[in-house]
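The next block holds one structure in the form of structure tokens; read it before the comments.
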Amino acid sequence: MEEKVVTSKGGVLAWSMKKKILVFGSAAIVALGLGLGLGLGLGLKHHDNDGDAGQDDTGSSDGGGNHNRSTTDANTTVTWQPAVGIKWQIKLLDPLNDTSIDAPVYDIDLFDNPKSTISELQSLGRKVICYFSAGTYEDWRDDADEFKKSDLGSNLGEWPGEKWVNTNSTTVRKIMKERLDLAVTKGCDGVDPDNIDAYDNKNGLGLTEVDAINYVNWLASEAHDRGLSVGLKNGGDIIDSVIDNMQWSVNEQCAEEEECDTYSAFIDAKKPVFHIEYPKGDDTNNNKNVTTKEKKAACNADGSDDFSTVIKNMDLDNWVQYC
Ligand SMILES: *[C@@H]1O[C@H](CO)[C@@H](O)[C@H](O)[C@H]1NC(C)=O
Ligand SMILES: *[C@@H]1O[C@H](CO)[C@@H](O)[C@H](O)[C@H]1NC(C)=O
Ligand SMILES: *[C@@H]1O[C@H](CO)[C@@H](O)[C@H](O)[C@H]1NC(C)=O
Ligand SMILES: *[C@@H]1O[C@H](CO)[C@@H](O)[C@H](O)[C@H]1NC(C)=O
Ligand SMILES: *[C@@H]1O[C@H](CO)[C@@H](O)[C@H](O)[C@H]1NC(C)=O
């Protein structure tokens with residue numbers, strides 16, 4: 001796999017745009033929430049108390065085990081298994097404010113969206129996947145203070161305020177369990193844990209593929225224990241070792257990077273691939289459809305048969321084009 005950090009239009013840079021915007025977006029929301037009005041500058045480091053589940057999960061194993069597990073986890077109760085080819089929408093920029101896209105699956109930010117948005121989508125017959133970063137520290141999140149300095153690794157390239165975390169750490173796993181509890185509190189049907197592929201990046205912690213396999217399978221087990229479905233975000237190298245525990249794949253830019261056939265393993269396993277392409281590149285976010293040629297490249301890539309493809313702006317706003 002190529003080193004994503006250096007890919008000019010690759011996944012990492014792609015997300016950086018979104019993250020930058022999220023930093024400022026969240027700051028604005030927090031400031032509003034606290035009624036700070038003029039205190040925008042201070043808002044950045046403040047955290048609201050939105051949906052703090054505040055529970056400590058006991059009885060689940062932590063860290064440790066270095067298993068390359070390819071079998072199904074102990075709790076095989078999967079409440080929701082979406083079908084191959086199902087239509088979806090992903091909107092991570094700001095809280096969702098447009099539910100008009102007629103798609104049975106929405107992927108939205110866990111922290112930024114209130115329970116009422118999730119309930120509203122569900123009342124329209126939709127399932128909701130809640131996005132959070134499972135493999136990085138983001139200094140603007142509500143629970144950022146809970147991370148230990150010693151668990152933080154390298155900065156993520158151009159992403160301000162974001163660092164890789166030691167996914168072996170009991171503290172990190174406790175935070176992630178609390179995030180899963182928050183997903184339950186908010187009524188999410190599933191979760192989209194991002195940034196599990198530290199092994200593919202300069203993480204500064206020595207995290208390997210085997211560590212990622214162990215972590216992703218642990219996340220799956222914790223999600224399933226809570227009645228949440230879960231998918232693998234990117235992470236093409238570890239598919240074989242986690243796919244049994246995943247209900248879907250979320251992939252960015254496999255058409256652009258010519259690796260959709262890697263992710264077609266999910267289709268073979270009767271699990272959807274939620275696939276995003278960004279033909280407009282890093283800097284153009286508008287409401288215009290892409291060219292016929294760009295659409296073809298995004299929609300007809302080798303190995304992408306039956307993928308649930310969306311063409312999106314890099315900032316992951318409301319705008320979407322389907323194949
Ligand atoms: C949703 O919010 C965006 C800003 O994030 C704004 O540009 C857009 O007009 C809003 N859409 C609706 C339907 O309110
Ligand atoms: C994580 O824990 C496993 C099992 O103890 C160990 O083999 C691995 O080296 C650890 N990884 C890191 C980055 O500390
Ligand atoms: C498995 O998950 C279900 C659904 O959340 C839960 O009710 C059950 O207690 C779990 N079983 C075990 C053994 O953890
Ligand atoms: C883990 O095990 C699976 C299945 O045996 C194998 O295909 C995969 O290459 C292994 N991964 C690692 C990182 O060892
Ligand atoms: C843009 O593409 C969508 C399909 O996602 C289509 O329904 C719509 O008509 C197109 N709009 C224009 C202006 O061509």
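Order of appearance sets the numbers: ligands from 1, and atoms from 1 within every ligand.
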So do Ile311 and Pro279 actually touch side chain to side chain, heavy atoms under 4.5 Å? yes

Please work out whether any backbone atom (N, CA, C, O) or any side-chain heavy atom from C-beta onward of Val210 is under 4.0 Å from ligand 2, and answer side chain, backbone, both or neither. neither

Numbered atoms of ligand 2 (with element) below 4.0 Å of [X], judged on heavy atoms:
X      : answer
Leu205 : 13 (C)
Gly206 : 13 (C)
Asn168 : 1 (C), 2 (O), 3 (C), 8 (C), 10 (C), 11 (N), 12 (C), 14 (O)
Asp211 : 1 (C), 8 (C), 10 (C), 11 (N), 12 (C), 13 (C)

Between the side chains of Arg141 and Asp109, is the shortest nitrogen-to-carboxylate-oxygen separation below 4.0 Å, so that they form an ion pair? yes

Whether Gln247 side chain and Gly231 backbone form a donor-acceptor pair below 3.5 Å: no

Under the side-chain hydrogen bond (donor to acceptor under 3.5 Å, both in side chains) test, which residues partner [X], sequence neighbours left out?
X      : result
Lys312 : Gln89
Glu258 : none
Glu146 : none

Looking only at non-hydrogen atoms, find the nearest pair between Thr309 and Tyr322 and report the distance. O-CD2, 3.9 Å

Going from CZ on Phe266 to CD1 on Ile239, what distance comes out if it is rounded to the nearest 0.5 angstrom? 5.0 Å

Write down, by chain and number, every protein residue that brings a non-hydrogen atom to less than 4.0 Å from an atom of ligand 5. Asn289, Gln321, Tyr322

If Ile, Leu, Val, Met, Phe, Trp and Tyr residues are connected whenever their side-chain heavy atoms lie under 4.5 Å apart, and connections chain through other members, are Tyr263 and Ile243 in the same group? yes

Is the closest N or O pair between Asn97 and ligand 1 shorter than 3.5 Å? yes

State whether the shortest distance between N or O atoms of Asp98 and N or O atoms of ligand 1 falls below 3.5 angstrom. no

Hey, is ligand 2 close enough to Asn166 that some N/O pair sits below 3.5 Å? no

We want to know whether Gln122 and Asp189 form a side-chain donor-acceptor pair, criterion being a heavy-atom distance below 3.5 angstrom. yes

